[in-house]
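Since the structure comes first, as structure tokens, the remarks are kept for the end.
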Amino acid sequence: MEADIKKIIAKTFEELAVGLETGSLGAPCIGLMGVGSEHGQAEMIEGAKMAAGRGLQPVFIGGSCEAAAMDEMEQKLNDGEIDGCVAMHYTFPIGVATVGKVVTPATGRILYIATTTGTSATDRVAAMVRNAIYGIISAKACGVENPTVGILNIDGARQVERALRELADKGYKINFTQSKRSDGGVFMRGNDVLNPPCDVLVCDSLTGNVLMKLLSSFNTGGSYEATGFGYGPGMGEGMDKLVLIVSRASGAPVVAGAMEYAAQLVRGDWRKVAKTEFAAANAAGLRDVLVKLAEKAAPTTQEAVAAPPKEIVTAEISGIEITELDDAVAVLWKAGIYAESGMGCTGPIVLVNQKNHEVAAKILTEAEFVSE
């Protein structure tokens, strides 16, 4: 106990000394694990220096190897010597993934990419549902009061939309955005990534990682990440340490941005925001939604369904996830409606005869292949 008290007193006097010298008294204390960069330790130190002028206290964590630096970082986090840390590597548990933060090229708008590293769930769709919540937490903790949410137009996106709208209908507030493309909708295309109409872009971690690399280094040829705030904090229910990730290719400006991102999260009381958002999502049935998605993803033995007599099909039913397209067609065949799968200009479609359009759409809505 006496040793702990001495440690607290020592830290307090150290903060006072640094604060009086730099004018940053009471500022968040952010660590930087400076080992492992492709650009050398000097680049990381430069990033820490740049961050020092942004209202935080940088703590550089060096060492002879990554393992030693990681141990020191963990110790400082556990002892409360630092409020958060930026690292090039950290082993997050399943359920935790990072929310990146970039400056988009068209207008310089800040975009939170949820997520960019880590695995929030082993099932892709369930992961993206969690990622949406992680992105909302990160944006809110950084001062975005009511962040707009868009879903990247990739496999699983339509199932994610249905799940998120179910949560929204049951009380979890999600501010869905609209694409800037003429047909609108919550699904974000490549144009929307460059000039986003949303604050939070929901995707899987692998896709998010690629987007981060492209948006942070598109002017440098890829070997030096020059813009943005890095791959972000590990978010997840029960995660109580603030660890943000940068790449080994991240240059000093991104390192400084990541430390600034960490300081914003500290000032915004990210733990409180996370607790509030998870409580609201769980109250709206998050766990039930995830269980339903897991059951749907489980392999099943489907009975063979013969196609009804062929008809001319010109009426389109859109909004169907590409991975569910064959199942949707089979459901209609089972109901005695001839249908074919296709790909329209906005994504996968089911084609039926015009006379069957209304009833077919109703069947697919009730079977949860399309949203109401």
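The figures that follow rest on heavy atoms only: side chains count, while hydrogens, waters and symmetry mates do not. Treat the numbers as computed from the prediction; the structure is a model and nothing was measured.
- Leu286 has its side chain out of reach of Tyr172: every pair of non-hydrogen atoms, C-beta onward, lies at least 4.5 Å apart.
- One hydrophobic cluster holds both Trp333 and Ile363 under the rule that ILVMFWY side chains link at heavy-atom gaps under 4.5 Å.
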Checklist entry - Given the rule in the side chain to side chain contact (heavy atoms under 4.5 Å, CB included) test, do Ile317 and His357 qualify, once you have shown the distances and angles that lead to the verdict? => result CA-CA 8 Å; Ile317 302 173; His357 183 265; 3.9 Å; yes
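- Remark: Gln41 CD is packed, more than 12 non-hydrogen atoms of other residues, nucleotides or ligands lying under 6.0 Å away.
- With Glu225 contributing its side chain and Ser217 its backbone, the two residues share no donor-acceptor pair below 3.5 Å.
- With values rounded to the nearest 0.5 angstrom, Ile154 atom CD1 is found 4.0 Å from Thr207 atom OG1.
- When the side chains of ILVMFWY residues are joined at heavy-atom separations under 4.5 Å, either directly or via intervening members, Met70 and Val96 end up in a single hydrophobic cluster.
- Hydrophobic clustering (ILVMFWY, side-chain heavy atoms < 4.5 Å, transitive): Met50 and Met33 are in distinct clusters.
- In the hydrophobic cluster analysis, where Ile, Leu, Val, Met, Phe, Trp and Tyr join through side-chain heavy atoms closer than 4.5 angstrom, Ile113 is grouped apart from Leu206.
- Ion pairing between Lys355 and Glu311 holds under the 4.0 Å rule for side-chain N and carboxylate O.
- In this structure, Arg162 does not pair ionically with Glu166, as no charged nitrogen and carboxylate oxygen lie closer than 4.0 Å.
- Scored by the ring pair (Phe, Tyr, Trp, His ring centres under 6.0 Å) test, Tyr90 finds Phe92 as partners (sequence neighbours excluded).
- Ser250 approaches Ser37 most closely through the heavy-atom pair O-OG, 4.4 Å.
- Side-chain atoms of Gln57 come within 3.5 Å of backbone atoms of Ala27 as a donor-acceptor pair (strictly under, hydrogens ignored).
- In this structure the side chain of Pro196 never reaches within 4.5 angstrom of the side chain of Met188, judged on heavy atoms.
- Side-chain N/O atoms of Asp79 and Gln75 include a donor and acceptor closer than 3.5 Å.
- Separating the CD1 atom in Ile174 from the CG atom in Leu167 is a distance of 5.5 Å, to the nearest 0.5 Å.
- Counting only heavy atoms from C-beta outward, the side chains of Leu325 and Val350 approach each other to under 4.5 Å.
- Between Leu244 and Ala258 the shortest heavy-atom distance is CD2-O, 3.7 Å.
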- [ ] For side chain to side chain contact (heavy atoms under 4.5 Å, CB included), just list the numbers for Ser205 and Thr117, CA-CA rounded to whole Å, side-chain angles, deciding distance to a tenth of an Å, and then say yes or no.
- [x] CA-CA 5 Å; Ser205 286; Thr117 66; 5.8 Å; no
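- When atom types are taken as modelled, the side chain of Arg130 and the backbone of Ala97 share no donor-acceptor pair closer than 3.5 angstrom.
- Rounded to the nearest 0.5 Å, atoms OG1 (Thr116) and CG (Asn131) are 9.5 Å apart.
- The CG atom of Leu111 sits 9.0 Å away from the CE atom of Met212 when rounded to the nearest 0.5 Å.
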Review point. Going through the distances and angles, do Leu351 and Thr314 end up as a side chain to side chain contact (heavy atoms under 4.5 Å, CB included)?
Key: CA-CA 6 Å; Leu351 295 160; Thr314 56; over 6 Å; no
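- Remark: His39 engages Tyr224 in a ring pair (Phe, Tyr, Trp, His ring centres under 6.0 Å) (not counting sequence neighbours).
- In terms of heavy-atom proximity, Glu43 sits nearest to Ala252 at OE2-N, 2.8 Å.
- Around atom NZ of Lys180, more than 12 heavy atoms belonging to other residues, nucleotides or ligands sit under 6.0 Å away.
- For Lys173, the NZ atom counts as loosely surrounded, since its 6.0 Å shell holds 12 or fewer non-hydrogen atoms of other residues, nucleotides or ligands.
- No donor-acceptor distance shorter than 3.5 angstrom exists from the side chain of Asp71 to the backbone of Ala68, with no hydrogens or angles considered.
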With a cut-off of 3.5 Å and sequence neighbours excluded, list every side-chain donor-acceptor pair involving residues 137-147.
unit_1, atom_1, unit_2, atom_2, d
Ser138, OG, Tyr134, O, 3.1
Lys140, NZ, Glu277, OE2, 2.9

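- Nearest heavy atom pair, residue Ala52 against residue Pro58, reads CB-CG, 3.9 Å.
- When side chains are defined from C-beta on, Tyr231 counts as touching Ser247, because their heavy atoms get closer than 4.5 Å.
- Here the side chain of Gln178 pairs a donor or acceptor atom with the backbone of Gly185 at under 3.5 angstrom.
- Separation of atoms CG (Asn195) and OG1 (Thr107) is listed at 5.0 Å; rounding is to 0.5 Å.
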Exercise for the section: Assess whether side chain to side chain contact (heavy atoms under 4.5 Å, CB included) is satisfied between Glu237 and Asn282, documenting all intermediate values. Expected result: CA-CA 11 Å; Glu237 201 163 5; Asn282 287 327; 2.9 Å; yes
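- Taking every heavy atom of both residues into account, Asp192 and Ser179 meet most closely at OD2-OG, 2.7 Å.
- The two residues Gly47 and Val255 have their closest heavy-atom pair at CA-CG1, 4.1 Å.
- Here the SG atom belonging to Cys85 is positioned 5.5 Å from the CG atom belonging to Leu77, to the nearest 0.5 angstrom.
- Judged by distance alone, with hydrogens and angles left aside, the side-chain atoms of Arg158 form no donor-acceptor pair with the main-chain N or O of Val370 at under 3.5 Å.
- When side chains are defined from C-beta on, Leu164 does not count as touching Val186, because their heavy atoms never get closer than 4.5 Å.
- Donor-acceptor pairing under 3.5 Å is lacking for the side chains of Thr148 and Asn175.
- No chain of hydrophobic side-chain contacts below 4.5 Å, direct or via other Ile, Leu, Val, Met, Phe, Trp or Tyr residues, connects Val193 to Leu214.
- Under the 3.5 Å distance criterion, the side-chain polar atoms of Asp83 are matched with a main-chain donor or acceptor of Cys29.
- Counting heavy atoms from C-beta on, the side chains of Val99 and Tyr261 come closer than 4.5 Å.
- Using a 4.5 Å cut-off on side-chain heavy atoms (C-beta onward), Glu368 and Lys292 make contact.
- A heavy-atom distance below 4.5 Å is found between the side chains of Val313 and Tyr338.
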